[in-house]
2 protein chains.
Amino acid sequence: MGTTQLETVPEPKYWHLKNVLSEALDSEFSVGEVLPNERELAARFGVARATLRQALEQLELEGRLQRRRGVGTTVAPPRVGVAVGTGQHGWPGTADDAWRIVDCTHAVPPAAIADALGSGREEAVHVVRRSRRSHGQQVAAERLYIPAASVPGLTAIDAPSGPARARAVLRELQRLELEGQERSVELGSARAEDAKELDRLPGAPVLVVTTRFVARKRTAAISVATYRADTCRLTFGDSGGVEIHHGPERQAS
Amino acid sequence: MGTTQLETVPEPKYWHLKNVLSEALDSEFSVGEVLPNERELAARFGVARATLRQALEQLELEGRLQRRRGVGTTVAPPRVGVAVGTGQHGWPGTADDAWRIVDCTHAVPPAAIADALGSGREEAVHVVRRSRRSHGQQVAAERLYIPAASVPGLTAIDAPSGPARARAVLRELQRLELEGQERSVELGSARAEDAKELDRLPGAPVLVVTTRFVARKRTAAISVATYRADTCRLTFGDSGGVEIHHGPERQAS
DNA sequence: CAGTGGTCTAGACCACGTA
DNA sequence: ACGTGGTCTAGACCACTGC
């Protein structure tokens, strides 16, 4: 940045800084490399640390950087594509399934979930927690809400609790004929518990995938899966992942 | 918040503040209502303005608040569900189509797009810009990249440029038989140009939906659509939107 | 012009990972 | 114990909106 700033320059410093760093990342750094620490970078660019951090935050949001307290800032690998499928998979917990069961509890779900399930707001449902890894990294945490009505064959004390019970619940669920499923994706921030499992700080940006499973014309189960937004690219469609990574794409200004 | 903080409290102030505000939003405010300004809120909670802002930022990210410079902070309505469909729609620009054509240029696409299209990195392609509104609000901006090879019938000076040319390009594109399409969703930040169209500041969080259209076993076109992450919930699946809004969902910690 | 949110500064201290 | 990123402060000024 020499002295060319004729055009009014109401461009924020952190924005300009982000672009400069972004280009430097493309040309002068390779994946996994650690950047100088924040205090030094700030000094080098002649800005306050807070301003430098604003630029780094953006780059992390875009999946270009990875920051870890006590360690440092490193250049992130391209986002991994995780398949979220489109219906053919059927019930959760079948065959291929990329998920690993964590545990199973019996609790009252959030009001919004209870309403969608058609269960009473005070009614406890089965809550199966699962987690998903991909490319050797934790990418998602899921909560599966299953009302008792969807697993009639389950005897009360079939299995005490934990993974064994989770498997029993999923097995019963799979007896129903799946008529369809609806998905939605939105941005959210990781609750404390999920953040821990995803190895992120609370409030980290996540992509929340909500799936409603329909059987017997009713909502048989609801899955709420939170994916790390910084490292994941969700892919839909039946033919694998789209190989487009928005890397060195030039920003306009 | 009385004086109950026995449990070690290594909980950041802004996080606690966010939760307090979140509950206040549920119980004491209604959609569209304006909050006190940041300086007053900060004083009322006994924190620095920067800390208060950190909490507000999170709430805005979660779609609970809407902030506009020079105006104020208001309570946001629930996110609108926008259908992103699952294949049956076919080519862009057909019939129902929720998009409005903005213009059409002829330019060299970003390297990642060029590679996916199989066009040369120096080769110019048709770039159709479209925008999408929903519930009376701008929700998405799109760039459609179409290599000349996909629209062979298009005579060079069929239409000079702008909307007329865009329609001609899409019409030609629709002559091909669509064999399939692949989608991916990831988090991004709005480039300056898109931000303006979405009525947001540069760098605002967006959901980037990339769609690859396949015809004659090749990539016939690529669409990159950026949706406002704060106000949108993307819905997939053929039976409309899932009516789950993650409103008064209690946070654990 | 007044009031709002957006940017920026120069400090301080804390929590965490590693050695 | 040290160095890292994470949190927090108390100011200042800027850019935009609406009256």
Side-chain angles (χ1 to χ4, degrees), chain A residues 5 7-19 21 33-61 64-76 189-190 192 195-196 199-205 230, chain B residues 5 7-19 21 33-61 65-76 189-190 192 195-196 199-205 230 253:
Chain A
Q5 47 173 32
E7 32 181 340
T8 70
V9 288
E11 182 183 73
K13 268 190 191 175
Y14 78 90
W15 182 262
H16 183 235
L17 195 49
K18 186 202 102 175
N19 292 151
L21 286 170
E33 206 172 339
V34 311
L35 270 61
N37 72 53
E38 296 184 351
R39 290 161 179 89
E40 181 177 337
L41 277 178
R44 188 180 300 186
F45 285 102
V47 300
R49 195 178 151 218
T51 305
L52 185 268
R53 277 179 61 80
Q54 224 174 326
L56 293 185
E57 257 151 45
Q58 282 250 2
L59 289 170
E60 190 179 28
L61 201 81
R64 307 286 311 272
L65 292 179
Q66 193 160 344
R67 300 192 288 171
R68 273 172 305 171
R69 167 152 52 176
V71 180
T73 302
T74 59
V75 180
S189 52
K196 199 173 168 187
D199 191 33
R200 299 259 59 196
L201 291 167
D230 55 344
Chain B
Q5 47 174 33
E7 33 181 341
T8 70
V9 290
E11 183 183 71
K13 269 189 192 176
Y14 78 90
W15 182 262
H16 183 233
L17 195 49
K18 185 201 103 175
N19 292 151
L21 286 170
E33 206 171 341
V34 312
L35 270 61
N37 71 56
E38 298 184 349
R39 289 160 179 89
E40 181 178 337
L41 277 178
R44 188 180 301 185
F45 286 103
V47 300
R49 195 179 150 215
T51 306
L52 186 268
R53 276 180 62 81
Q54 222 174 327
L56 294 185
E57 257 150 46
Q58 282 250 1
L59 289 170
E60 189 178 29
L61 201 81
L65 291 179
Q66 194 162 343
R67 300 193 288 173
R68 273 173 306 170
R69 166 152 55 176
V71 179
T73 302
T74 59
V75 179
S189 53
K196 198 173 168 187
D199 191 30
R200 300 259 58 196
L201 290 168
D230 54 344
S253 157

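Quick note on labels: first sequence line is chain A, next is B, and so on, each numbered from 1.
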A.B. asks: Given dC8(D), dG6(D), dT9(C), identify the nucleotide with an atom nearest to the side chain of L201(A).
C.D. replies: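 The answer is dG6(D), which lies nearest to the side chain.
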A.B. asks: State, with a plain yes or no, whether a side-chain heavy atom of E57(B) is found less than 4.5 Å away from one of Y14(B).
C.D. replies: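 E57(B) does not reach Y14(B) side chain to side chain.
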A.B. asks: State which residue, out of D230(B), L201(B), L59(B), L56(B), fulfils the side chain to side chain contact (heavy atoms under 4.5 Å, CB included) condition with R67(B).
C.D. replies: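 Result for side chain to side chain contact (heavy atoms under 4.5 Å, CB included) with R67(B): L56(B).
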A.B. asks: Over how many whole Å does the gap from L52(B) atom CG to dT9(D) atom C1' extend?
C.D. replies: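 The answer, rounded to whole Å, is 13 Å.
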A.B. asks: Return the value, rounded to whole Å, for the distance between atom CD of Q66(A) and atom C1' of dG6(D).
C.D. replies: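 Rounded to whole Å, this separation is 16 Å.
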A.B. asks: Quick check: do L41(A) and T73(A) have side-chain heavy atoms less than 4.5 Å from each other?
C.D. replies: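 A side-chain contact under 4.5 Å is absent here.
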A.B. asks: Looking at the side chain of R67(A), which of dT7(C), dT9(D), dG6(D) is the nearest nucleotide?
C.D. replies: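 Ranking dT7(C), dT9(D), dG6(D) by closest atom to the R67(A) side chain puts dG6(D) first.
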A.B. asks: Side chain of R69(B), heavy atoms from C-beta onward: which of dT7(D), dT9(C), dG5(C) has the nearest atom to it?
C.D. replies: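 Selected nucleotide (nearest to the side chain): dG5(C).
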A.B. asks: Could you go through nucleotides 11-13 of chain D and list every protein N or O atom that sits under 3.5 Å from one of its N or O atoms, giving the distance for each pair?
C.D. replies:
none

A.B. asks: Does a nitrogen or oxygen in the side chain of R53(A) sit under 4.0 Å from OP1 or OP2 of dG6(D)?
C.D. replies: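 R53(A) to dG6(D) OP1/OP2: side-chain N or O found under 4.0 Å.
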A.B. asks: Does G46(A) or T73(B) map to a spot on DNA chain C nearer the 5' end, using the closest nucleotide for each?
C.D. replies: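 Closer to the 5' end of DNA chain C: T73(B).
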A.B. asks: Counting just side-chain N and O atoms, does N37(B) come under 4.0 Å of either OP1 or OP2 of dG3(C)?
C.D. replies: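 Checking dG3(C) against N37(B), no side-chain N or O comes under 4.0 Å of OP1 or OP2.
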A.B. asks: Within the structure, does a side-chain N or O atom of Y14(A) lie under 4.0 Å from either OP1 or OP2 of dT7(C)?
C.D. replies: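 Y14(A) to dT7(C) OP1/OP2: side-chain N or O found under 4.0 Å.
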A.B. asks: Can you tell me how far P of dT7(C) sits from CD of Q54(B), to the nearest Å?
C.D. replies: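 Answer to the nearest Å: 14 Å.
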A.B. asks: On DNA chain C, does the nearest nucleotide to R200(B) precede the nearest nucleotide to V71(A) from the 5' side, or the other way round? Give the residue.
C.D. replies: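 Nearest nucleotide further toward 5': that of R200(B).
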A.B. asks: Under the side chain to side chain contact (heavy atoms under 4.5 Å, CB included) rule, collect the residues that match up with L61(B), sequence neighbours excluded.
C.D. replies: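 Partners of L61(B) under the side chain to side chain contact (heavy atoms under 4.5 Å, CB included) test: L187(A), P205(B).
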A.B. asks: Measure from CD on E11(A) to P on dA15(D) and round the result to the nearest Å.
C.D. replies: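 So the two atoms are 13 Å apart, to the nearest Å.
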A.B. asks: Measure the distance from NZ on K13(A) to C1' on dA10(C) and round it to the nearest whole Å.
C.D. replies: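 The answer, rounded to whole Å, is 13 Å.
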A.B. asks: Within a strict 4.5 Å, meaning less than it, do heavy atoms of the S189(B) and K18(A) side chains meet?
C.D. replies: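 Heavy-atom side-chain distance check passes, below 4.5 Å.
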A.B. asks: Quick one: does L21(A)'s side chain get under 4.5 Å of F45(A)'s, heavy atoms only?
C.D. replies: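 SC-SC contact between L21(A) and F45(A) confirmed.
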A.B. asks: So which nucleotide from dG5(D), dT9(D), dC8(C) ends up closest to the side chain of T51(A)?
C.D. replies: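 So the side chain of T51(A) is nearest to dC8(C).
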A.B. asks: Crowded around R68(B) CZ? As in, over 12 foreign heavy atoms under 6.0 Å?
C.D. replies: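 Open: at most 12 neighbouring heavy atoms sit under 6.0 Å from CZ of R68(B).
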A.B. asks: Quick one: D199(A) CG to dC16(C) C1', roughly how many Å, whole number?
C.D. replies: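 To the nearest whole Å, that distance equals 12 Å.
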A.B. asks: Rounded to the Å, how far apart are E38(A) CD and dG3(D) C1'?
C.D. replies: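 To the nearest whole Å, that distance equals 12 Å.
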A.B. asks: Between E57(B) (CD) and dG5(C) (P), how many Å, whole number?
C.D. replies: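 Distance, rounded to whole Å: 13 Å.
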